[in-house]
Amino acid sequence: MEKIKMKTPIVEMDGDEMTRILWKIIKDELICPYIDLKSEYYDLGLANRNATNDQVTIDSANANKKYGVAVKCATITPNAARMTEYDLKEMWKSPNGTIRAILDGTVFRAPITVKGIEPYVRTWKKPITIARHAYGDVYKNVEIDVPGPGKAELVFTGEDGEELRETVFDFKGPGVLQGMHNIDKSIASFARSCFNYALDTKQDLWFATKDTISKKYDHTFKDIFQAIYDAEYKERFEKAGIVYFYTLIDDAVARVMKSEGGFIWACKNYDGDVMSDMISSAFGSLAMMTSVLVSPDGKYEYEAAHGTVQRHYYKYLKGEETSTNSVATIFAWTGALRKRGELDDIPELMQFSDRLEKAVIATIESGKMTKDLALITSLPDVTVLNSEDFIKAVRATYEAL
């Protein structure tokens with residue numbers, strides 16, 4: 001069978017540990033046998049980020065801006081233990097955070113649903129998509145360990161020298177202090193990405209913060225969303241038969257738990273980080289979740305929402321068998337290739353992605369799965385496959401479709 005031809009490369013961002021091992025197997029078994037793959041490759045493994053002083057991450061993000069579509073493997077965000085393990089020059093920042101900042105993007109995450117993996121929330125019938133703002137808040141914070149009594153102040157000095165000053169707290173003893181920021185431009189980009197994604201997927205959009213308590217910070221998010229919606233999207237939403245509304249985040253949590261799903265829930269950066277893990281776990285597994293970063297000017301970066309599966313990697317290095325779930329990584333590839341096919345008008349590439357995703361789901365629903373799913377499935381008499389054999393089983397299903 002002749003391989004599917006590509007016109008424009010996708011940006012390929014390789015990663016770390018067990019997901020890096022799966023990355024190669026997926027390419028060898030599921031991608032390259034069927035597609036004449038054109039990719040611009042960047043090694044975002046921690047060792048190479050360290051060797052290049054993290055320039056490789058910046059280069060990969062700029063390539064994403066150039067070509068429009070990227071697929072990314074999971075990567076390590078180093079902590080103190082990793083500093084020693086990899087002999088790092090410094091504690092490099094999260095590659096995801098760097099890429100998100102350069103693209104000014106919003107992260108959309110949604111569970112991959114299959115029969116036999118039932119949501120823990122019994123009312124949920126359809127996937128819930130989390131839209132996570134990918135700039136600022138605690139991820140760009142400044143912190144101080146307060147040594148003892150004193151006054152903490154929040155000070156802004158304008159370019160004209162004028163000062164705005166607020167007392168944060170009069171400390172009577174030791175404590176801790178944190179400063180956060182955001183910018184209107186990024187909030188507006190977040191809003192437009194959410195509105196556009198809702199229109200593209202024909203889903204209702206919920207947005208939630210805590211503006212009753214945070215009367216300036218969170219209220220700014222609420223106001224910018226509403227202004228952009230009223231000026232640019234209200235008529236388009238009404239025509240599409242979908243709705244946008246704002247609610248307090250505690251109210252949103254209560255409503256989500258009683259809903260059937262099938263909508264987009266937009267959250268600020270930290271809220272989205274937490275709620276996407278909650279949604280994915282409640283639907284079954286972090287390894288069963290898609291994740292796509294979308295910039296307001298239409299650049300896309302697809303990735304798995306989970307980490308590098310460190311524990312399985314150490315077993316792999318010892319020659320021990322692993323049963324690592326590769327579904328989210330496979331779907332990162334299918335998402336990127338489908339979008340490339342859509343942008344370049346290559347229907348065969350889009351059809352390939354659809355067929356491969358159907359093969360993944362059909363494989364699991366036939367009772368062939370990795371250990372993490374076997375532990376939570378309601379299917380009887382399942383077959384637990386190791387990391388490589390699951391991917392090979394998907395290939396066999398794909399060829400039989």
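Just so it is clear, the structure is predicted and the values come from calculations on it, not from any experiment.
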- Message: Out of the candidates Asp250, Asp218, Asp271, Asp251, only one should pair with Lys210 under the salt bridge (Lys or Arg N to Asp or Glu O under 4.0 Å) rule; please name it.
- Response: Asp250
- For the residue pair Thr209 and Tyr217, establish whether any side-chain heavy-atom pair is separated by less than 4.5 Å. no
- Query: Does the distance from a Lys or Arg side-chain N to an Asp or Glu carboxylate O, for Glu17 and Arg82, drop under 4.0 Å?
  - Reply: yes
- Message: Regarding Asp211 and Lys215, does a basic nitrogen lie under 4.0 Å from an acidic carboxylate oxygen?
- Response: no
- Message: Using a 3.5 Å distance criterion without hydrogens, assess whether the side chain of Asp344 forms a donor-acceptor pair with backbone atoms of Thr8.
- Response: yes
- Task: Hey, could you give me the OG/CD1 distance between Ser214 and Ile249, rounded to the nearest 0.5 Å?
- Result: 12.0 Å
- Query: Is there a donor-acceptor pair under 3.5 Å between the side chain of Lys371 and the backbone N or O of Thr324?
  - Reply: no
- Message: Within the structure provided, determine whether Cys194 and Thr106 are in side-chain contact (heavy-atom separation under 4.5 Å).
- Response: yes
- Task: Any salt bridge (Lys or Arg N to Asp or Glu O under 4.0 Å) involving residues 275-296? Give me the pairs, sequence neighbours left out, ordered by first then second residue.
- Result: none
- Item | Distance-only donor-acceptor check, side chains Asn96 and Ser94, under 3.5 Å | no
- Return yes if some donor-acceptor pair links the side-chain N/O of Lys202 with the main-chain N/O of Ile242 below 3.5 Å, else return no. no
- Item | Contact check, side chains of Ile330 and Leu30, non-hydrogen atoms, under 4.5 Å | yes
- How about Phe237 and Tyr229: are their ring centres within less than 6.0 Å of each other? yes
- Take Ile21 and Met18 through the side chain to side chain contact (heavy atoms under 4.5 Å, CB included) test and state the conclusion after the steps. CA-CA 5 Å; Ile21 304 303; Met18 197 64 209; 4.2 Å; yes
- Task: Would you please indicate if the ring centroids of Phe195 and Tyr244 are separated by under 6.0 Å?
- Result: yes
- Query: Taking atom types as modelled, is there a side-chain donor on Asp273 or Tyr139 under 3.5 Å from an acceptor on the other?
  - Reply: yes
- Report the C-alpha separation of Asn53 and Gln55 in whole Å, then their side-chain angles, then the decisive distance to 0.1 Å, and conclude whether the side-chain hydrogen bond (donor to acceptor under 3.5 Å, both in side chains) test is met. CA-CA 5 Å; Asn53 296 323; Gln55 184 62 42; over 6 Å; no
- Can you name the ring pair (Phe, Tyr, Trp, His ring centres under 6.0 Å) partners of Phe245, sequence neighbours left out? Trp206
Check residues 144-160 and write down every donor-acceptor pair under 3.5 Å in which the side-chain atom is one partner and the other belongs to a residue at least two apart or another chain.
{"residue": "Glu153", "atom": "OE1", "partner": "Arg165", "partner atom": "NH1", "Å": "2.8"}
{"residue": "Asp160", "atom": "OD1", "partner": "Glu162", "partner atom": "N", "Å": "3.0"}

- Query: Would you call Lys239-Glu235 a salt bridge at under 4.0 Å N-O?
  - Reply: no
- Are Thr329 and His306 side-chain neighbours, meaning at least one heavy-atom pair lies under 4.5 Å? yes
- Task: Grab the two heavy atoms, one from Ser259 and one from Trp124, that are nearest each other, plus how far apart they are.
- Result: O-CD1, 3.2 Å
- Can you tell me how far the CD atom of Glu321 sits from the CD atom of Glu388, to the nearest 0.5 Å? 10.0 Å
- May I ask you to say whether Lys72 pairs ionically with Glu12, meaning some side-chain N is under 4.0 Å from a carboxylate O? no
- Task: Could you label the plane-to-plane angle of the Phe171 and Phe169 rings as parallel, tilted or perpendicular, counting under 30° as parallel and over 60° as perpendicular?
- Result: perpendicular
- Item | Aromatic contact, Phe221 with His133 (centres under 6.0 Å) | yes
- Message: Please find the pair of heavy atoms, one from Val327 and one from Ala287, that lie closest to each other, and give the distance.
- Response: CB-O, 3.8 Å
- Could you grab the distance from atom CZ of Arg192 to atom CD1 of Ile187, nearest 0.5 Å is fine? 12.0 Å
- Message: side chain to side chain contact (heavy atoms under 4.5 Å, CB included) for Thr123 and Glu260? Distances and angles first, verdict last.
- Response: CA-CA 5 Å; Thr123 58; Glu260 290 190 351; 5.7 Å; no
- Query: Which heavy atom of Ile130 sits nearest a heavy atom of Met275, and at what distance?
  - Reply: CD1-CB, 4.0 Å
- Message: Taking the ring of Tyr302 and the ring of Phe331, is the distance between their centroids below 6.0 Å?
- Response: no
- Message: Please determine whether side chain to side chain contact (heavy atoms under 4.5 Å, CB included) holds for the pair Glu301 and Val292, giving the CA-CA distance in whole Å, both sets of side-chain angles, and the decisive distance to 0.1 Å.
- Response: CA-CA 6 Å; Glu301 181 247 312; Val292 55; over 6 Å; no
- Item | Side-chain donor/acceptor of Asn141 to backbone N/O of Val138, under 3.5 Å | yes
- Which residue pairs satisfy the salt bridge (Lys or Arg N to Asp or Glu O under 4.0 Å) criterion with at least one member in residues 41-58, sequence neighbours excluded? Asp16-Arg49, Arg20-Asp43
- Message: If you define the side chain from C-beta out and look only at heavy atoms, does anything of Phe207 sit under 4.5 Å from Ile264?
- Response: no
- Item | Spacing of Leu379 atom CG and Ser366 atom OG [to the nearest 0.5 Å] | 9.0 Å
- Message: Distance alone, cut at 3.5 Å: any donor-acceptor contact between the side chains of Asn386 and Asp389?
- Response: yes
- Among residues two or more places apart or on two chains, list those pairs meeting ring-ring contact (aromatic ring centres under 6.0 Å, His included) that have a residue in residues 67-119. Phe108-Tyr197
- Message: Donor-acceptor pair, distance only, cut-off 3.5 Å: does the side chain of Ser186 make one with the backbone of Asn182?
- Response: no
- Message: With a 4.0 Å cut-off on N to O distance, would you call Arg338 and Glu357 a salt bridge?
- Response: yes
- Task: State whether the side chain of Asp204 and the backbone N or O of Val243 hold a donor-acceptor pair below 3.5 Å, judged by distance alone.
- Result: yes
- Task: For residues 101-125, pull every pair meeting salt bridge (Lys or Arg N to Asp or Glu O under 4.0 Å), keeping only residues two or more places apart or in separate chains.
- Result: Asp104-Lys185
- Donor-acceptor pair, Ser387 side chain versus Thr322 backbone, under 3.5 Å? yes
- Message: Is a donor from one side chain sitting under 3.5 angstrom from an acceptor on the other, for Asn64 and Tyr300?
- Response: no
- Message: Under a 3.5 Å cutoff, is there a donor and acceptor pairing between the side chains of Arg355 and Tyr34?
- Response: no
- Heavy-atom side-chain proximity of Met289 to Ile112 below 4.5 angstrom: no
- Message: Are the side chains of Val11 and Val71 in contact, using a 4.5 Å heavy-atom criterion?
- Response: no
- Item | Side-chain H-bond candidate by donor/acceptor type, Gln310 with Thr308, under 3.5 Å | no
- Item | Non-hydrogen atoms of Leu103 and Ser295 that approach each other most closely | O-CB, 3.2 Å
- d(Tyr42 OH, Thr52 OG1) to nearest 0.5 Å is 11.5 Å
- Message: Donor-acceptor check, side chain of Ser193 to backbone of Phe190, threshold 3.5 angstrom: yes or no?
- Response: no
- Under 4.5 Å between any side-chain heavy atoms of Asp137 and Tyr135, yes or no? no
- Message: Please report the interatomic distance OG(Ser281) to CE(Met288), rounded to the nearest 0.5 Å.
- Response: 13.0 Å
- Between the side chains of Thr397 and Thr363, does any donor sit under 3.5 Å from an acceptor? yes
- Item | Salt-bridge criterion met for Glu399 and Arg395 (N-O under 4.0 Å) | yes
- Expected output: side-chain Ser39 to main-chain Tyr41 donor-acceptor under 3.5 Å: no
